[in-house]
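Quick notes on the structure that follows.
Basis for what follows: all heavy atoms, side chains included, without hydrogens, waters or symmetry-related copies. Here is the naming used below: chain letters follow the sequence lines, and residue numbers restart at 1 for every chain.
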Amino acid sequence: MTEINVSVNGRGHTRDVEPRTLLVHFLREALGLTGTHVGCDTSQCGACTVLLDGRGVKSCTVLAVQANGGEITTIEGLATDGVLHPLQAAFRETHGLQCGFCTPGMILSAVDLLARNPSPSEREIRHGLEGNLCRCTGYQNIVKAVQHAAHTMAGGASAVAGD
Amino acid sequence: MYPSSFDYHAAGSVQEALALLAQYGDDAKLLAGGHSLIPVMKLRFAAPAHLIDIGRIPALSAISDGGANVHVGATARHADVAASPIVRTRVPLLAEVTAHIGDPLIRNMGTIGGSIAHADPAADLPAAMLALGASLVLAGPSGTRTVAADDFFTDVFTTALQPGEMLTEVVVPVPGAGSGAAYEKLPDPASGYAIVGIAVQLQVRDGAIASVRVGMTGLGPMPMRLAGVESALAGTAASTAAIAAAAARAGDGLSFDDDVRGSAAYKLNIARVYVRRALVRAMAASAG
């Protein structure tokens, strides 16, 4: 066993893990955060996407020991005080999900995308979400959701700047 | 899917990693981003008893401009290489090729050294290494040595790396005035790996092709230069006719088989098409 220290959604955890433990299993089984999904388990579908030190990664292809010392954000960490993150709200408002299985990964990828590029074009959104697959063929509304959230987040930022 | 059990060792320096490699020998594998290694471990194609994590050695991911060469540390992540102003302005072919790897999430973890050392015959970076005439710095128990990319890829998933050695740095020569480059890739629609990928780096002087290197990935047992294309172009006037004549030689030295990715005739055809496209774009880029 190897001891790791990680911050998950702002809360510190110290745990002994088998070195072969994948980050997604650590989150789901050791911490009970089941919002991160296991889809293909072969680094293709992106359902397991979380933020590691601010960047989207496929947690089925990261060892928990690789995250030692890192800051992780999962879908459970996006809402604050019961208020949905603008991307969560936008996915709901624009019908950006059908079955919802890909949605946590899709949203965390989009958080990473908007952090690097706050007003992406439609093409940039499609390329930015290339690592996330939706089997309900819902890409059209997913792109709309990201555009909607980008708009909301830009409005929020300018309101703060105007204070 | 879990990998088989292993012991984990976080190396704090290259020296420490080399000492661990010497200690555990063939039972050990180096871990950087893990995006080639972890998938094969999950499938149990590989079951090393020891993983030596070199992803925590800070100096090993640096990107610097050394004037004649750009130096990229082995554990620089693809996303950082593709976004690096040094790479984008000084060796744009490397930035272009790196942006084709996997998807944004893969590029956030995968490393330049990991991809090159893994040497998948359909990976993108090896074609760029060959076209750029890059060199690879290998550290070993008796010091470091530098190997040209031309001599590095030796067979299917096989490189010049010897037991006990690790790749520490990629050295990429900065192309001179009048240079142009391009990467044209036909990705497998499921895996994203190249069915064919053609990387071209050329230089035009006084209307003639002064130098050209063409790196191919996907269509052979290992990445290789297309010598027939290069020799058809070298010294000729930079023209559409020259490109057409050179592209016709894209299959020289290659043998194609029918398989799930296509027939032999199809592969020969796409080799020619992608060589032509890459040459056209590289030549246009050389004109500024």
> Any sub-3.5 Å donor-acceptor pair from B/Lys42's side-chain atoms to A/Thr42's backbone N or O?
Replying inline: no
> Within the side chain of A/Glu71, is there an N or O that forms a donor-acceptor pair under 3.5 Å with the backbone of A/Leu52?
Replying inline: no
>> Any heavy-atom pair between the side chains of B/Ile54 and B/Leu31 that's under 4.5 Å?
In response: no
> Less than 4.5 Å apart, any side-chain heavy atom of B/Pro48 and any of B/Phe6?
Replying inline: no
Side chain, backbone, both or neither of [X] within contact of chain B (heavy atoms, under 4.5 Å):
{"X": "A/Glu18", "result": "side chain"}
{"X": "A/Asn68", "result": "both"}
{"X": "A/His127", "result": "backbone"}
{"X": "A/Leu63", "result": "both"}
{"X": "A/Val62", "result": "both"}
{"X": "A/Ser43", "result": "both"}

Which atoms of [X] come close to chain A, meaning under 4.5 Å heavy atom to heavy atom: side chain ones, backbone ones, both, or neither?
{"X": "B/Ala190", "result": "backbone"}
{"X": "B/Leu51", "result": "side chain"}
{"X": "B/Met1", "result": "both"}
{"X": "B/Ala99", "result": "neither"}
{"X": "B/Arg107", "result": "neither"}

> What pairs meet the salt bridge (charged side-chain N to carboxylate O under 4.0 Å, His left out) rule with one or both residues in residues 115-128 of chain B, with sequence neighbours excluded?
Replying inline: B/Asp124-B/Lys185
> If you tally heavy-atom pairs under 4.5 Å against chain B, which of A/Thr2, A/Val65, A/Val57 wins?
Replying inline: A/Val65
> Atom CG of B/Asn108 and atom CZ of A/Arg55: how far apart are they, to the nearest 0.5 Å?
Replying inline: 5.0 Å
>> Quick check for you: to the nearest 0.5 Å, what is the distance between B/Ile112 atom CD1 and B/Ser61 atom OG?
In response: 12.0 Å
>> Can you tell me which of B/Ala79, B/Ser5, B/Ser4 forms the most heavy-atom pairs within a distance under 4.5 Å of chain A?
In response: B/Ser5
> Relative to chain A, which of B/Leu105, B/Asp103, B/Ile38, B/Asp53 shows the most heavy atom pairs under 4.5 Å?
Replying inline: B/Leu105
> Please walk me through it: do B/Asp7 and B/His9 pass side chain to side chain contact (heavy atoms under 4.5 Å, CB included)?
Replying inline: CA-CA 7 Å; B/Asp7 289 335; B/His9 311 269; 3.8 Å; yes
> Would you call the rings of B/Tyr183 and B/His100 parallel, tilted or perpendicular, where under 30° means parallel and over 60° means perpendicular?
Replying inline: perpendicular
